[in-house]
Visitor: 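One structure, as structure tokens, below. Some questions next.
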Amino acid sequence: MELRFQCLGPDHWKTEVLLAPAFQGDTLHETSPLLDRAAPWLAIAPAARDFRGKKGELLLLHGHPQQNVPRVLAVGLGKPEDFSPAVLREALAAAVRRCRALEQDSLLLPVPLLERLPGGQARLVEESAYAALLALYAFRDLKKDDPDTPRDPQWLTFAFDGDHVPDAAREAARRGERAAQAVMLARDLANTPPNMLAPADLAERAERIAQRVGLRCTILDEEALRGENMGALLAVGQGSSRPPRLVVLEHAPAGHEQDKPLVLVGKGITFDTGGICIKPAAKMHTMKCDMTGAAAVLSALVALAEEATPRRVVGLMACAENMPGGRAFRPGDVVRAASGDTVEIQNTDAEGRLVLCDALSYAQKMWTPAAVVDIATLTGACAVALGGEVAGLFCDDDDLAERLTAAAALGGEHLWRLPLWQGYEKNLKSQVADICHTGPREGGAIHAALFLKHFIRDGVRWAHLDIAGVDWADSEQALCPAGATGFGTRTLLELTRGGI
Ligand code: BES
Ligand code: MN
Ligand code: ZN
């Protein structure tokens, strides 16, 4: 769906469906005199009287088919005191999906209607664009065309009443669009079946996209990883016939080449069988999503490059496939991580922290980071603790934690802080090595985070996001069909846009 902008008097608006968001308690008629001018028939449409404006309510009203505006879709926003951008996002997402079901090509959203809502015009335009585009997402690459699948609407027009389209609003819509495209890229990568996306494939996809948008991209193959002494990352990948990769992306716009970079590190396990400690078969297929951390890092960087955000940002994607096999690493093995630490392996299913610890070491060896943020589908324990709507945030730096929480909330993602509980550090002691990579089951997300913390040097600002519960939706959500959600992409994008 293409976004358009138009600036004409409402009498000249022309569209198949006009979207009319309205609060509970307002009759449509009272919502705005603009509606009367755009769709004069609305005042005498009997069905309009049935609209209550409740949250989730959608009412399609018909005028004469030859009118400029033959249909108005009234979109309920609920009570004004409960309004937030999230309410608008969900309401518009539902409205746009309804238009798709009705196979309508042209939609029009009167921006003056948004001006009446708290939040500010630009912000609400941005969220409208974001929600409308994300709501239509579907992963159809591998399916034949199905004549029963309704086609997407072709255009969403933001209609203004004045004599020109305000630059701020146009730019806001573009920002929303770029964020949505980034999230959709992350979803596409994560929904791609694991046979079609080995570590090298993910690295190549990243390289191709990086070239297109002007990101610097280097790929460390097995030999280079050996050269970097990344024994932990290599151990995870060694059971697979498809070798691991570390992808290094860099956005360094002119004038910022020498800045201390924000370094984003993503877990990129293209498939997690659990390895020798193999997972049960039920739901194992969802482990194709075990690379969503890496996908979020790539996608956020793509958006930053496209909008030329004036900030240096480095992205690392730690990619491997965790497979059982004759060459696989085993419980009881001791590997030497890039930091020089020996690590005792007790459970080959705790592979994420192993690929991450070497990437974190690399981040601190190669750069002097302004901050390091890693993002990973790391532990089932985090999903058990927090469920499917909120991700775990581990961070001892209050300022960084607050910025991340605010960045997430801005785009409708949610983080909840969990403790890097020092008392549990003793649980990672090993009898044979410098550290053991797992602790007891209880507090599993904390033990994983503490293991990562072991590789962070004193004084380095660092945060860890555990997105194990939120990266995959079992059923359709307001802005996402079942499958990969793309969680984290927008949080990382907003963190960087906001200037960390
Ligand atoms: N990728 C999984 C974590 C996961 C679980 C993500 C469910 C999404 C949904 C991770 O590699 C894993 O298997 N972790 C183990 C760690 C344990 C062996 C210490 C887990 O959580 O069971
Ligand atoms: Mn695992
Ligand atoms: Zn995993």
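Just so it is clear, the values below take in all heavy atoms, side chains as well, and ignore hydrogens, waters and symmetry mates. Every number for a ligand or one of its atoms is a count from 1 in the order of the listing. Because the structure is predicted, anything quoted here is derived from the model rather than measured. Residue numbers run from 1 in the order of the sequence given.
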Visitor: Between R497 and E494 (salt bridge meaning N to carboxylate O under 4.0 Å), is one present in this structure?
Guide: yes
Visitor: What atoms of ligand 1 come within less than 4.0 Å of a heavy atom belonging to T377?
Guide: 1 (N), 2 (C), 3 (C), 6 (C)
Visitor: Hey, what's the angle at the Zn ion (ligand 3) spanning OE2 (E351) and OD2 (D290), nearest 10 degrees?
Guide: 100°
Visitor: Minimum heavy-atom separation for L133 to M1, with atom names?
Guide: CD2-O, 3.5 Å
Visitor: Counting heavy atoms only, which part of H447 comes closer than 4.0 Å to ligand 1: side chain, backbone, both or neither?
Guide: neither
Visitor: Checking the N or O distance criterion of under 3.5 Å, is ligand 1 in contact with E351?
Guide: yes
Visitor: About how large, to 10 degrees, is the angle OD1 of D349, then the Mn ion (ligand 2), then OE1 of E351?
Guide: 120°
Visitor: Assess whether a salt bridge exists between D349 and K279, defined as any Lys/Arg side-chain N lying under 4.0 Å from an Asp/Glu carboxylate O.
Guide: yes
Visitor: Looking only at N/O atoms, are D272 and ligand 1 under 3.5 Å apart anywhere?
Guide: yes
Visitor: Can you name the nearest heavy-atom pair linking D397 to R461, along with the distance?
Guide: OD2-NE, 2.8 Å
Visitor: Would you call the rings of Y424 and W421 parallel, tilted or perpendicular, taking 30° and 60° as the class edges?
Guide: tilted
Visitor: Which heavy atom of the protein is the closest neighbour of atom 10 (C) of ligand 1, given with residue, atom name and distance?
Guide: L378 O, 3.3 Å
Visitor: For atom 7 (C) of ligand 1, what's the nearest protein heavy-atom neighbour? Residue, atom name and distance, please.
Guide: M287 CE, 3.7 Å
Visitor: Whether D398 and R417 form a salt bridge (side-chain N of Lys/Arg under 4.0 Å from carboxylate O of Asp/Glu) is what I want to check.
Guide: yes
Visitor: Just need the protein heavy atom nearest to atom 18 (C) of ligand 1, so name the residue and atom and give the distance.
Guide: N347 ND2, 3.3 Å
Visitor: Out of the N/O/S atoms in D272, what is the name of the one closest to the Mn ion (ligand 2)?
Guide: OD2
Visitor: Could you tell me whether some N/O pair between R353 and ligand 1 is separated by less than 3.5 angstrom?
Guide: no
Visitor: Polar-atom distance check: G380 versus ligand 1, any N or O pair below 3.5 Å?
Guide: yes
Visitor: Are any of the N or O atoms of T438 closer than 3.5 Å to those of ligand 1?
Guide: no
Visitor: One residue to check: K267. Relative to ligand 1, which of side chain, backbone, both or neither has a non-hydrogen atom less than 4.0 Å away?
Guide: side chain
Visitor: Cut-off 3.5 Å, side chains only: do D434 and T342 have a donor facing an acceptor?
Guide: yes
Visitor: Could you please spell out the steps behind the side-chain contact (heavy atoms from CB on, under 4.5 Å) verdict for L264 and V313?
Guide: CA-CA 8 Å; L264 306 175; V313 185; 3.9 Å; yes
Visitor: Select one of side chain, backbone, both or neither to describe which atoms of R441 lie under 4.0 Å from any atom of ligand 1, heavy atoms only.
Guide: neither
Visitor: Given that the side chain starts at C-beta and the backbone is N, CA, C, O, which of these parts of D349 lies under 4.0 Å from ligand 1, counting heavy atoms, or is it both or neither?
Guide: both
Visitor: Can you find a protein heavy atom closer to atom 22 (O) of ligand 1 than 4.0 Å?
Guide: no
Visitor: Could you go step by step and tell me if F329 and L234 meet the side-chain contact (heavy atoms from CB on, under 4.5 Å) rule?
Guide: CA-CA 9 Å; F329 75 136; L234 284 162; over 6 Å; no
Visitor: Between the side chains of E126 and R175, is the shortest nitrogen-to-carboxylate-oxygen separation below 4.0 Å, so that they form an ion pair?
Guide: yes
Visitor: With heavy-atom distances below 4.5 Å as the criterion, would you say the side chains of T377 and W472 are in contact?
Guide: no
Visitor: In D272, the N, O or S atom nearest to the Zn ion (ligand 3) is which?
Guide: OD2
Visitor: Using a distance threshold of 2.8 Å, state whether an N, O or S atom of K267 lies below it from the Zn ion (ligand 3).
Guide: yes
Visitor: Between E307 and R174, is there a side-chain N and carboxylate O pair less than 4.0 Å apart?
Guide: no
